[in-house]
Each structure stands twice: as C-alpha cells, then as structure tokens.
Amino acid sequence: MPKPARSRGRQVNVFQALALLLSFVLVAAVGGVLTAGLVLPGVAIANGVTNMTTEAFDDLPTELDQGELPEKSRILAADGTLLATVFYQNRVVVPLTEIAPIMQKAVIAVEDKRFYEHAGVDVQGMLRAAVRNAANTSQEGASTLTQQYVKNVLIEAADDEKDDAAKARAIEAAREAEGTEGIARKLREAKLAITLEKTMTKDAILERYLNIAQFGASVWGVEAAAERYFSVPAADLTYLQAATIAGITQSPSHWDPLLNPANAQERRNVVLLTMYEQDYITKSQYTAGKATPIADTLVPQEPKRGCMSTYTSVPGSGYFCDYVTKVIRDDPAFGKTRDERLQRLYRGGLTITTTLRPENQLQADTAVKAGVSVNDPSGVGTAIVVVEPGTGQIVAMSQNRNYNNTQTVGPRDTSVNYSTSYTYGSSTGFAPGSTFKPFTLLEWLKAGHALEETIDASKMSYEMTEFNSSCGNFAPGTYKFNNSEGGTRRPMTVLEATENSVNSGYIAMAAQLDLCNIMSDAADLGVYRSADTENATTPIPALPANVIGSDSVTPLAMSAAFAAFAADGVYCTPVAILSVTDPEGNSLAVPDANCHQAIESKYARAVNYALEHVWQGTASSLGYPDYTAAGKTGTTSANEDTWFVGYTPKLAAAVWVGYPEGFHSMNGATINGHTYYSGPYGSSIAAPSWRAFMDAATAGQDVGSFPAPDDDQVYGHRISVPSVIGLSESDARSVLEERGFRVYVSSSKVSSDLQEGLVAKQNPASWAVKGSVITLYLSDGSKFQPPDPCQENPDSCGPPDNGGDDDHRGGPGDGGWGNG
C-alpha cells in the first residue's frame, strides 16, 4: 500500500518545497535518478530548511499499491447476446499484445518521447516545470508516462474512499498542480515512479497506463475508446484513429471527439505532427491525416450501459436485466457484504451469462403488450414471467411498461418490476385470487381426499370456529364471501369446483383441513407474502380469506410454484444466472436453484389432471390448446387483479393484469378498446395473453404429456353407500354419517309416492369416497296415497260388497300402494 501522505500539520511553504525539489534534482543529476529515488541527503539551502525538506522527502511513500482496475461487466442472454454492460468506468483491460503498435507509439510520441530512455522521471523537464509553476508564470506538466500512471493509480485509490468528503480530498491531492501542494505531488509521483521502474518493465508500465488512462468524458482505457469512437478493437486501430485517441488524455472532456469534434481535430493534428517528427508515420500519412475531417473517421458505438439499453438487443428485457443486477447485489454467492458485491458487479469486469432466452422473451413481450398496450388509456398494467420446470430458469420476463430507472420518466416509464418481490423490484405483489386454490387442492390430496370426492359448496358464510388452525387462533366472527366467477351453490365434486373455480367449494374443502398446512404447502413451493418488505420469506397468514387468494404474491413466485406441478413435484428456486466469469476467465459461484422433490409425484399428477380441466371450465372460451397444458384463472372479489397461471411440461408462465398503483376495480373500465361491464376475469385478458405466448413458444414442438394420475387421488377409496330411501331425514343422516359420509339435504323436493319429508332420492346412490357429501332429496308427497286400512287389517272391514269393484283395492304386488 502507498505510505499515507504526511500530516497537514507538517506542511512546508512554497520555498521549502522548491528547495526540496531542487535537492532532488541536484542529487538526481549528480548521483543518478535511482539514487535520488531512494534517499535525499541534506543539502545546504537558504533559510535553513534542509532538515524540514529532508524529513518531508523521507516521509514520501516508496511502494505503489496498484490494485485491480475497474472494468465494466457484461450481462448476456443465454445464447450470448449482449443485453447490457454495467460499469463505474467504461473500461476493458487488454494486454499490450492486443493494442496496435501504432497506438502505443502515438501515446509515447505525445506524452513521453524518452519513455524508453529515462528511469521514471525527466529531471530537466521536472526542474523547468517546477520553477515556472512555483513562480506562477505558467503551468507545465513534464510528467513521464510512468509518473502519469502513478497519478492515475493514486486517483483510482482515492476514488475508492467510502466517505465522499475524504474521497474529494484524496482526489484533489492526487491532481493538485499548483504551488506547494503541486510540487509535493510531483515529488511523490517521482519517488514512486523511480521505485516502480525498478520492479516493472517498460512494456508492463505502458500496458497498465494504456488501460488505466481516461480517453474521453466517460471512457477509460484504449480498448473501450477504440470501441466507443471507431467500433473496432484496440488491436485494429489505424494511425489516424490512434492519433485521435492519444490526444484525449490531456483533457478528456475538452478533447473528446464526440463532445467537441473541432477541439479533438485540432488536438489530433498536433499528435500527428509529433508522430511524424518521431518517425512513427510518413510525411504523406501526416499530410493525408491532417486533411481528413475527424467526422469522417468516427464510427461511434454507444455502450450498452445499464439495463435501459436492452431495448436495442432483446425487447422488453430491461426488467429482467435489472433483476439480475439485484440478485448479484443481494446474493452472498457474490460477496460477503453488499458493498463488496456492488464493487464486483460495477468494477469487476464480470461476464454474466443469464437464463434469458431471446426468442421466448420476444414472444412474451409481444403477447403481454398485445393484451394491454403500453399506451392504453386505461393505465392498466400487465406482466408475464416464464420459468422452465425442472431447472427454475427464468427464460422470459416482461410487462407493458418501459424500463426507466432515471428521475426523468414518461407516463408509461417505471423501474418497478411487477413480476418480483419488493427486494428485487420494488413491487409489493398482487392478490392472486383463485390462482391460489391449487395449494388448497394439494393439501386436500395430501390429507387423503380425492378429486371425485363430493363437497358441499352451498354455504356462503362460516363461523370462524368451523376452521382449524394449528399455528394460531382466529378472532371470533363470521366469514362471508362470494363466488367471483359464478358457480352453482350445491354439492359438487372437487374436480368440478376446480374447473369452475367455485369459491364456496374451496372454502368447504378448507374447513376440513388445517389452514396452516395449506399456507405451508404454498411456502414449500416458494410462495410467500410479497407485501412484507422486510422479510421475503414470511408465510401467508392462515386465514380463510387467503384460501381464495386475498393476500399478495408475485408472478415470479406463482410461475415457479406451478412449474413444480409440471415437473412431477420437483420445485426449483427461480434462477436468472447460468454462469459468471472474471476477467481472467475464472468461474465464480452462482446461486443454486436447489431443485428437490417438494411434493410427492402422485399429488403433482393429480393436480395436473385437475388443472387440465380449466379448458372446459373457466377458460373454456379459449378452447383446448393443441398441446398438453394446465392452468388456473384468478379474479379478486371486485375484479381488481386478474390472473392466469398455466404450464406445459416444458414451460410455466404467470400473467397478471391490474392497476399497479393500487387495489382498484377494473369493472367498467375500457381496456384495449373493450369496455368490461362484467368482469374482467382471469379469462378475459390474462388467459388470452398466456395462450398467445404459449402458442408461439410451443409452435412446431412436441411438449409431451403429463404422467397419468393414480386412481386413489382421482377416485379415492370408494365404499358402498347404504340406501336411505324411505327413511326420515334424521334417520338417513344418522345412517350415512355413521358410515363416514357427510350429508346435504337439497332444498328442492322431488315428486314421489313416498310420504312428504321422507328421503325419495340420494346421490351418489351406490359407491362414493369416504367423506363425500351425499345429497338427499326429500319427497314432496305429490304422489303419496295413504294405505287402505282394510288391506292392512281385512278383519276390521266386514264382508265384501259383492256389488263393488274389487280391482280397485289392488293386490300385494300392485305398486300403487307400495312404499318402495
């Protein structure tokens, strides 16, 4: 490390500083530069300042901590497409062998003609400049390339200061050119330069200088400069291009050829003359070069700086790019502290290959913006995120907004990522509505129930005491709800309740389960409460309202969870990064998807079977896809948020639609030219957007099929249902409940020859899954005829009337009197 600068309390005045410099030059001239670089003996100087100056010189550092140069990092799509570069300084470090020789000569010609001759300092030039600077007659540099390299290293070190005030002071000290401080800086640079040249070759110093120097207002190093101004690598620079770049370092903004082309042309011509005088170019090259307008030579290339630049490479991928930077910022895989991780990202020269697939990204971006256009007057937002089952790779992420992380934003610009949690995109998530139901379905199956089990979906209110929660108590009261997407209030199978998204059916299921287990199943598949900005892994509260999706989740979490169903129960934490390498090509650790069997395959297969029925249920308006697919629509109580989360065996995608600024109903809104007097529902915009993406993504592919479910999960263990026809309601209920069934008595009575109030019909009648609801239909008595008392007791009726018609009495086998 460089020895710290001596305390400000031991400052010398300008005459003492000049005396110190004179002492240095005298020793260097007589004893050699290397001697002066090691020790400065006392020299008799007027005013008795020898001891002071000697102490000051001895305090100067002799070792230079060069460190690693900040380099820009590149973010690539999975196929190698450059999405963006992120950097503190736009720099690409290259070896000297990858820098055109004429570029090396151009810099030497204009900055340090005797570079290969001196030992780090130019004594005569240094003395001349010191005298003029001290007298304030003019400012003169006289620094060698080695000294300039030292200066740049010290500026870089100062720039690493965490405290802004300390950083400013350190940079000022490294750049000071006037008076005492200017002389002191020159001496420090000189001593360090001499020491450096004892340990490094000239070529090594030149290479480092060409990589550290600033070659424009926001360009560092010759490789970045060659790309920025001429769209070529530094190895391919011509003499005219080299002269342009070499002339910039003296005043990077003033000589920047894009900012100030006239100034840059004037400076370039000065460099050309110097190159000609040093025999690096011919007279004809000098003449031709000087006559060439600088504008004719420039082929500028805008650096893809930051995620706002992704629109030129992969449309709509700015939000994914931003997500990647935040993963690196927050994941311990990239460093112990947040500051260390940010330094690595913006200064470390990383090559970050991501999971984004440009083709899928384009398909997703097209689909979501067709569903609700960016500039739609409604202001409704929509987002899609796509995850690959079995790997957790995020292959696409888009929304109907323009990514913009600056303070100057348009009406449809934002940096908020609707697909991710607060930590990774500043969004607090959205209520999932019925897309949350599959987690209750999963727990239903795990608890031993089946899809064909019949439930009572007639109740629209429950006392809180009817629910079970092993992880906390409920406040007393009544829970009331509605069926958002319709649905008949009657007993139905779980499969029917799923395909038609019947809230009352799912609340009935939840009343038979432990609500805590439902929320735990969701958490096992990565679905947490996204509205909690402090803890991204807070389980969703175990409340009845959350069974039908009242709390907030993220599209990314939902897509990854449904991907686990597609992957036969294997859940993978969503990942966005495939690999990261440093500038030397060494691989760095990246976040692991931690794929594991989160749920048993038999339950995943049964969920798939149930969710495949969406095409004949709430999404029937879309028709059956030409490929294997399953999914779930979702609509909140007043149409504030609508969803479709679906999947094939190859891809899972979640689409959300709603107002991103708040929980407001879309009912009555005109969206993409359609006014929703009813709805919109999950099948209105979200499902068609999902379908448009998936149709494009699966075109020409065989996506395969889901494994068939087991009978136990579909039909359950069926047992015989005792016949209760002809029994009273209470007796029938007692018989069925003793057998393990639940009872629902229909309000609709049936025409029957049984006495009114007796059971005339039951459904199912023969076999059912234990625990199912058996629906009883009572007789309305419309065909009931009281039995003939004479038939029941002939002796009480006397002799027969021979004139009567015996046929009217009927025999024992005549069904007219039977109670069947």
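Both backbone and side-chain heavy atoms feed into the values below; hydrogens, waters and symmetry mates do not.
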For [X], does the [atom1] atom have more than 12 heavy-atom neighbours from other residues, nucleotides or ligands under 6.0 Å away?
| X | atom1 | result |
| --- | --- | --- |
| Tyr311 | OH | no |
| Asn473 | CG | no |
| Lys650 | NZ | no |

Could you list the donor-acceptor pairs under 3.5 angstrom formed by side chains in residues 701-711, with sequence neighbours left out?
{"unit_1": "Gln701", "atom_1": "NE2", "unit_2": "Ala697", "atom_2": "O", "d": "3.0"}
{"unit_1": "Asp702", "atom_1": "OD1", "unit_2": "Gly704", "atom_2": "N", "d": "3.1"}

Among side-chain atoms of [X] and [Y], is any donor-acceptor pair under 3.5 angstrom?
| X | Y | value |
| --- | --- | --- |
| Tyr403 | Asp322 | yes |
| Tyr647 | Asn608 | yes |
| Glu640 | Thr636 | yes |
| Ser470 | Asp514 | yes |
| Tyr681 | Ser678 | yes |
| Ser665 | Asn667 | no |
| Lys437 | Asn503 | yes |
| Thr391 | Glu388 | yes |
| Thr423 | Lys326 | no |
| Thr554 | Tyr528 | no |

Practice item. Look at the rings of Trp690 and Trp615 and say which category their plane angle falls in: under 30° parallel, 30 to 60° tilted, over 60° perpendicular. Key: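 Rings of Trp690 and Trp615: tilted, 30 to 60°.
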Review point. Can you say whether the rings of Tyr323 and Phe320 are parallel (under 30°), tilted (30 to 60°) or perpendicular (over 60°)?
Key: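 Aromatic pair Tyr323/Phe320 classed tilted.
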Practice item. Might you work through the side chain to side chain contact (heavy atoms under 4.5 Å, CB included) test for Leu556 and Ile394, ending with a clear yes or no? Key: CA-CA 9 Å; Leu556 177 57; Ile394 305 169; 3.8 Å; yes
Show the nearest heavy-atom pair for residues [X] and [Y], with the distance to one decimal.
| X | Y | answer |
| --- | --- | --- |
| Ile455 | Trp444 | CG2-CH2, 3.8 Å |
| Ala560 | Cys572 | CB-O, 4.3 Å |
| Phe436 | Ile540 | CE1-CD1, 3.6 Å |
| Ala431 | Trp643 | O-NE1, 2.8 Å |

Practice item. Could you please spell out the steps behind the side-chain hydrogen bond (donor to acceptor under 3.5 Å, both in side chains) verdict for Gln713 and Tyr609? Key: CA-CA 10 Å; Gln713 278 70 55; Tyr609 175 79; over 6 Å; no
Review point. So, Asp365 side chain and Ser398 main chain: donor-acceptor pair closer than 3.5 Å or not?
Key: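 No; zero donor-acceptor contacts below 3.5 Å.
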Can you sort out the partners of [X] under salt bridge (Lys or Arg N to Asp or Glu O under 4.0 Å), two or more places apart, ordered by chain and number?
| X | value |
| --- | --- |
| Arg691 | Asp695 |
| Glu496 | Arg490 |
| Asp641 | none |

Point to revise | Test side chain to side chain contact (heavy atoms under 4.5 Å, CB included) applied to Ser501 and Lys632, step by step | key: CA-CA 8 Å; Ser501 196; Lys632 186 72 192 71; 2.8 Å; yes
Practice item. In plain terms, say whether Lys446 and Asp521 are close enough for a salt bridge, that is, a side-chain N and a carboxylate O under 4.0 Å apart. Key: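 Asp521 and Lys446: salt-bridged.
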Practice item. Test side chain to side chain contact (heavy atoms under 4.5 Å, CB included) on Gln363 and Met694 and set out the steps. Key: CA-CA 8 Å; Gln363 292 160 345; Met694 205 60 77; over 6 Å; no
Point to revise | Qualifying side chain to side chain donor-acceptor pair (under 3.5 Å) pairs with a residue from residues 449-461, counting only residues at least two apart or across chains | key: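 Qualifying pairs, neighbours excluded: His449-Glu453, Asp456-Ser458, Lys459-Glu466.
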**Study point:** Results of ring-ring contact (aromatic ring centres under 6.0 Å, His included) for Tyr627 - residues two or more places apart only
**Key:**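 Scan of Tyr627 (ring-ring contact (aromatic ring centres under 6.0 Å, His included), adjacent residues dropped) gives none.
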Review point. Do Tyr479 and Tyr462 make the cut of ring centroids closer than 6.0 angstrom?
Key: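 Here the rings of Tyr462 and Tyr479 have centres that are no less than 6.0 Å from each other.
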Point to revise | side chain to side chain contact (heavy atoms under 4.5 Å, CB included) between Asp376 and Arg412, intermediate numbers included | key: CA-CA 9 Å; Asp376 191 77; Arg412 293 293 186 269; 5.5 Å; no
